[in-house]
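Here the structure comes first, spelled out in structure tokens, and everything after it is commentary.
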Amino acid sequence: MTTALTAEVWADALELYRFSYASVAVVRREHEEWWLDAASIMSRRASDPRGWLSLDPDEDEPERRDDPLFPFAQAPRTLAEAARFRAGVRELPRSSVSSLLVLLGIPGLDATRAPDFERDRPGMERRPRLLLSRFADGTRFYSNIGWEGDRPDFCAQPVRMTHPLSRYGWDAGLIAVNDCELALLRHFDPT
């Protein structure tokens, strides 16, 4: 049985990240260079075109009042800067996106250390499937996480390295890009 994606279903799916320091936002595509659309999320200049829930754990923090980019280190403003950002991500096959979305909801990003993970995994995978249903076939996915293999299962391999976008030592995430929308999901580690 397929669940129709509504604002309420989307909000429920975002509950996967309630125990993580995670940011999730979707914007309308307005630029041929999609990194410039990602920059509108990073600098909080745009909102969800459907009016659906976004997650912004730093929304009311003093650091944000001083710098709208916080916790991001910078956002691309030009095509040359976008090329530099593009070098920090790799395209990920759709078949691996669900396991990455699950992993991004696990504190510490280590499924092997999550208590009762194998028991809870089927329930945890329901929410990523709902999130993915917003992004039709043809959507491209990118991540700044290193991985092994052509179709990685992120719950079975450790996070090898990341190319951070934040002011922290590392962050991990997913970017979904299609002709209409761009989504940016980041898991930050402030330690």
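Worth knowing before you read on, the calculation uses all heavy atoms, side chains too, and leaves out hydrogens, waters and symmetry mates.
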Exercise for review: Any chance you could measure S43, atom OG, to R77, atom CZ, to the nearest 0.5 Å?
Suggested key: 10.5 Å

Check your understanding: Would you call R151 and S96 a side-chain contact if the rule is heavy atoms closer than 4.5 Å?
Key -> yes

**Study point:** Test side chain to side chain contact (heavy atoms under 4.5 Å, CB included) applied to F141 and L100, step by step
**Key:** CA-CA 11 Å; F141 300 95; L100 178 57; over 6 Å; no

Practice item. List the atom of A4, the atom of V9, and the distance in Å for their closest heavy-atom pair. Key: O-CG2, 3.5 Å

Revision key, fill the gap. Residues T139 and A136: closest non-hydrogen pair is OG1-O, 2.7 Å

**Study point:** Heavy-atom check, side chain of D189 versus side chain of L109, under 4.5 Å
**Key:** no

Practice item. May I ask you to test the I106-F117 pair for a side-chain heavy-atom distance under 4.5 Å? Key: yes

Practice item. Without swapping roles, check the side chain of R29 against the backbone of H31 for a donor-acceptor pair under 3.5 Å. Key: yes

Exercise for review: Output yes when a side-chain donor or acceptor of R65 lies under 3.5 Å from a complementary backbone atom of D60, and no otherwise.
Suggested key: yes

Review point. Are any non-hydrogen side-chain atoms of T3 and S133 less than 4.5 angstrom apart?
Key: no

**Study point:** Lys/Arg-Asp/Glu bridge criterion (N-O < 4.0 Å) met for R64, E61
**Key:** no

Review point. Can you name the closest pair of heavy atoms from P152 and L92 and give their distance?
Key: CG-CD1, 4.0 Å

Check your understanding: Do the side chain of R129 and the main chain of S98 share a donor and acceptor less than 3.5 angstrom apart?
Key -> no

Practice item. Please determine if R121 and D153 form a salt bridge, counting it only when a charged side-chain N lies under 4.0 Å from a carboxylate O. Key: yes

Revision key, fill the gap. Sequence neighbours excluded, the answer for side chain to side chain contact (heavy atoms under 4.5 Å, CB included) partners of E32 is none

Check your understanding: What residues join F85 in its hydrophobic cluster, counting side-chain heavy atom gaps under 4.5 Å, either direct or through other members?
Key -> Y21, V27, W34, W35, I41, M42, L69, F70, F72, V89, Y142, L165, Y168, I175, V177, L182, L184, F188

Study note, to complete from the structure: L55 and A22 have their tightest heavy-atom pair at CB-O, 4.0 Å

Check your understanding: Should the heavy atoms of other residues, nucleotides or ligands under 6.0 Å from CZ of R28 be counted, would the total exceed 12?
Key -> no

Practice item. Just do the side chain to side chain contact (heavy atoms under 4.5 Å, CB included) check on L131 and V24 with the steps written out, would you? Key: CA-CA 11 Å; L131 293 172; V24 181; 5.9 Å; no

Check your understanding: Distance from I145 atom CD1 to H163 atom NE2, nearest 0.5 Å?
Key -> 13.5 Å

Check your understanding: Any side-chain heavy atom of R50 within less than 4.5 Å of one from E181?
Key -> yes

**Study point:** S54 side chain to A25 backbone, donor-acceptor under 3.5 Å
**Key:** no

Review point. Quick one: does Q157's side chain have a donor or acceptor within less than 3.5 Å of a partner on E148's backbone?
Key: yes

Review point. Side chains of F135 and V97: closer than 4.5 Å at any heavy-atom pair?
Key: no

Practice item. Any chance you could lay out the side chain to side chain contact (heavy atoms under 4.5 Å, CB included) test for Y17 and L101, step after step, and finish with the verdict? Key: CA-CA 9 Å; Y17 307 106; L101 289 171; 3.5 Å; yes

**Study point:** Non-hydrogen atoms of P76 and A39 that approach each other most closely
**Key:** O-CB, 3.2 Å

Exercise for review: Check the angle between the aromatic planes of H187 and W170 and answer parallel, tilted or perpendicular using the 30° and 60° thresholds.
Suggested key: parallel

Review point. Should D171 and N144 count as side-chain neighbours, where that means a heavy-atom distance under 4.5 Å?
Key: yes

Check your understanding: Among the clusters formed by ILVMFWY side chains lying less than 4.5 Å apart, do V26 and L36 turn up in the same one?
Key -> no

Check your understanding: Would you find a donor on one side and an acceptor on the other, under 3.5 Å apart, between the side chain of S143 and the backbone of G173?
Key -> yes

Check your understanding: Would one find more than 12 heavy atoms of other residues, nucleotides or ligands at under 6.0 Å from atom CG of D116?
Key -> yes

Practice item. Output yes when a side-chain donor or acceptor of R127 lies under 3.5 Å from a complementary backbone atom of D12, and no otherwise. Key: yes

Check your understanding: Can you tell me if CG on D179 sees more than 12 non-hydrogen neighbours from other groups inside 6.0 Å?
Key -> no

Revision key, fill the gap. Between L104 and A172, the two heavy atoms sitting closest are CD2-O, 3.7 Å

Review point. Do L132 and R94 have side-chain heavy atoms sitting under 4.5 Å apart?
Key: yes

